[in-house]
Amino acid sequence: MTTSSHTTESEDSVCLAYGRQVKELLNAGSPAEMLDHLWCIYSDAMAFQQEAGYNPRVSDIFMTFRELVFFIQRIDCVKA
């Protein structure tokens, strides 16, 4: 049982550490600004991709981008 409570404390400290990192990230700009920057980064990357040629990871990159957009949108809802 001690191991279980220790694991919970460890998980809690990890969540708090993630929360601090998100807070620091949000100090850099609003969620709306971050979404705008993400779209710029993604658009530029896709434009470069056309010049660079085939990339087998393009669908993985899109999924990561999509998850970041959804994450920022959820953060925006929490802040509201």
Original post:
Taking only residues two or more places apart in sequence or in another chain, which ones pass side chain to side chain contact (heavy atoms under 4.5 Å, CB included) with Phe70?
Top reply: Arg66, Glu67, Gln73, Arg74

Original post:
Taking only residues two or more places apart in sequence or in another chain, which ones pass side chain to side chain contact (heavy atoms under 4.5 Å, CB included) with Ile41?
Top reply: none

Original post:
Considering residues at least two apart in sequence or located in another chain, which fulfil the side chain to side chain contact (heavy atoms under 4.5 Å, CB included) criterion with Glu33?
Top reply: Ser30

**OP:** Quick one: closest heavy-atom pair of Ile72 and Pro31, and the distance?
**Re:** CG2-O, 3.4 Å

Distance-only donor-acceptor pairs under 3.5 Å for side chains of residues 18-29, two or more places apart:
unit_1: Asn27; atom_1: ND2; unit_2: Lys23; atom_2: O; d: 3.4

Can you list, pair by pair, the side-chain donor-acceptor contacts under 3.5 Å of residues 42-50, counting residues two or more places apart and other chains?
unit_1: Ser43; atom_1: OG; unit_2: Trp39; atom_2: O; d: 2.8
unit_1: Gln49; atom_1: OE1; unit_2: Asn55; atom_2: ND2; d: 3.4
unit_1: Gln49; atom_1: NE2; unit_2: Gly53; atom_2: O; d: 2.4

Subject >> Pairwise distance CG(Leu68) to NE2(His37) - rounded to 0.5 angstrom >> reply: 14.5 Å

